[in-house]
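Everything numeric here is computed off the predicted structure, so don't read it as measured data. Just so it is clear, the values below take in all heavy atoms, side chains as well, and ignore hydrogens, waters and symmetry mates.
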Amino acid sequence: QVQLVESGGGLVQPGGSLRLSCTASGLTVSQYTMGWFRQAPGKEREWVGAVRRLGANTYHYRGSVEGRFTISRDNAKNTVTLQMNRLNPEDTALYYCAAGQSIVSMIRSESGYKYWGQGIQVTVSS
């Protein structure tokens with residue numbers, strides 16, 4: 001049984017940082033494209049970024065977070081992290097970890113992922 005569990009969310013002031021972790025069981029993160037998505041209140045879920053499976057091993061980010069967010073993978077711990085810096089209120093959302101084995105053209109789409117975490121709240125507010 002595959003499980004993805006996010007942790008590390010919470011409340012942070014604008015300009016601050018948070019680090020989200022996604023711990024996987026039942027799959028090996030290095031063999032999957034691991035993605036992060038988020039959903040703000042009243043909005044559709046959107047792709048944040050992804051790291052492709054080992055072999056491809058490339059990192060991709062949506063434009064609004066590039067340079068502020070960094071994805072990393074710890075194969076020994078079977079986890080993927082999302083380091084978020086210079087947060088602003090527009091980053092407030094429920095953040096999801098996802099795993100898939102789709103082709104590169106699908107990594108920005110929800111349909112490119114088979115497994116999902118339950119989501120964790122990130123709130124950026126003063």
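- Minimum interatomic distance between Thr33 and Ala50 (heavy atoms only, all atoms of both residues): CG2-CB, 4.2 Å.
- Residues passing the side-chain contact (heavy atoms from CB on, under 4.5 Å) test with Ser125, sequence neighbours excluded: Leu11, Thr123.
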Report the C-alpha distance between Trp116 and Glu110 in whole Å, list the side-chain angles of each, state the deciding distance to 0.1 Å, and finish with yes or no for side chain to side chain contact (heavy atoms under 4.5 Å, CB included).
CA-CA 10 Å; Trp116 292 80; Glu110 291 186 39; 4.0 Å; yes

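- Every residue was checked against the side-chain hydrogen bond (donor to acceptor under 3.5 Å, both in side chains) condition with Arg86, not counting sequence neighbours, and none meets it.
- Cluster partners of Met106 are Ile103, counting Ile, Leu, Val, Met, Phe, Trp and Tyr whose side-chain heavy atoms approach within less than 4.5 Å, directly or via other members.
- Nearest heavy atoms, Thr81 versus Ser21: CG2-OG, 3.6 Å.
- Side-chain contact check for Arg53 versus Gln31: every heavy-atom pair is 4.5 Å or farther apart.
- Criterion: ILVMFWY side-chain heavy atoms under 4.5 Å apart, direct or through other members. Under it, Met84 and Tyr59 are part of a common hydrophobic cluster.
- Here Gln39 pairs with Arg45, Tyr96 under the side-chain contact (heavy atoms from CB on, under 4.5 Å) rule; sequence neighbours left out.
- In this view, Thr70 satisfies the side-chain hydrogen bond (donor to acceptor under 3.5 Å, both in side chains) rule with no residue, not counting sequence neighbours.
- Note on Val48 and Tyr113: separate hydrophobic clusters, where clusters join Ile, Leu, Val, Met, Phe, Trp and Tyr whose side-chain heavy atoms are under 4.5 Å apart, directly or indirectly.
- Sequence neighbours left out, the pairs with a member in residues 92-126 that pass disulfide (SG to SG under 2.5 Å) are Cys22-Cys97.
- Contact of the Arg68 side chain with the Tyr61 side chain is not registered, since no non-hydrogen atoms from C-beta on lie closer than 4.5 Å.
- A heavy-atom distance below 4.5 Å is found between the side chains of Ile107 and His60.
- Each of Val51 and Phe37 belongs to its own hydrophobic cluster when Ile, Leu, Val, Met, Phe, Trp and Tyr are linked at side-chain heavy-atom distances under 4.5 angstrom.
- Residues that satisfy the side-chain hydrogen bond (donor to acceptor under 3.5 Å, both in side chains) test with Arg108, not counting sequence neighbours, are absent from this structure.
- Under the rule for a side-chain contact (heavy atoms from CB on, under 4.5 Å), the partners of Ala93 that lie at least two apart in sequence or sit in another chain are Arg38, Ala40, Tyr95.
- The disulfide (SG to SG under 2.5 Å) analysis of residues 63-96, with sequence neighbours excluded, yields no pairs.
- Looking at every heavy atom in both residues, Gly10 comes nearest to Leu18 through O-CD1, 3.8 Å.
- With sequence neighbours excluded, no residue forms a side-chain hydrogen bond (donor to acceptor under 3.5 Å, both in side chains) with Asn78.
- Residues satisfying the side-chain contact (heavy atoms from CB on, under 4.5 Å) test with Val124, not counting sequence neighbours, are Val12, Pro14, Leu87, Pro89, Asp91, Thr92, Val122.
- Annotation: side-chain hydrogen bond (donor to acceptor under 3.5 Å, both in side chains) contacts involving residues 6-15, sequence neighbours excluded, comprise Glu6-Gln118.
- Note: Gln1 CD to Tyr115 OH = 10.5 Å, rounded to the nearest 0.5 Å.
- Side-chain atoms of Ser109 and Ser111 form a donor-acceptor pair, as typed in the model, at a separation below 3.5 Å.
- A heavy-atom distance below 4.5 Å is found between the side chains of Ile71 and Val80.
- In this structure, CZ in Arg73 is found 6.0 Å from OG in Ser30, a value given to the nearest 0.5 Å.
- Both Ile120 and Val29 sit in one connected hydrophobic cluster of ILVMFWY residues. Membership requires side-chain heavy atoms under 4.5 Å apart, directly or through other members.
- The shortest distance between side-chain heavy atoms of Trp36 and Phe69 does not fall below 4.5 Å.
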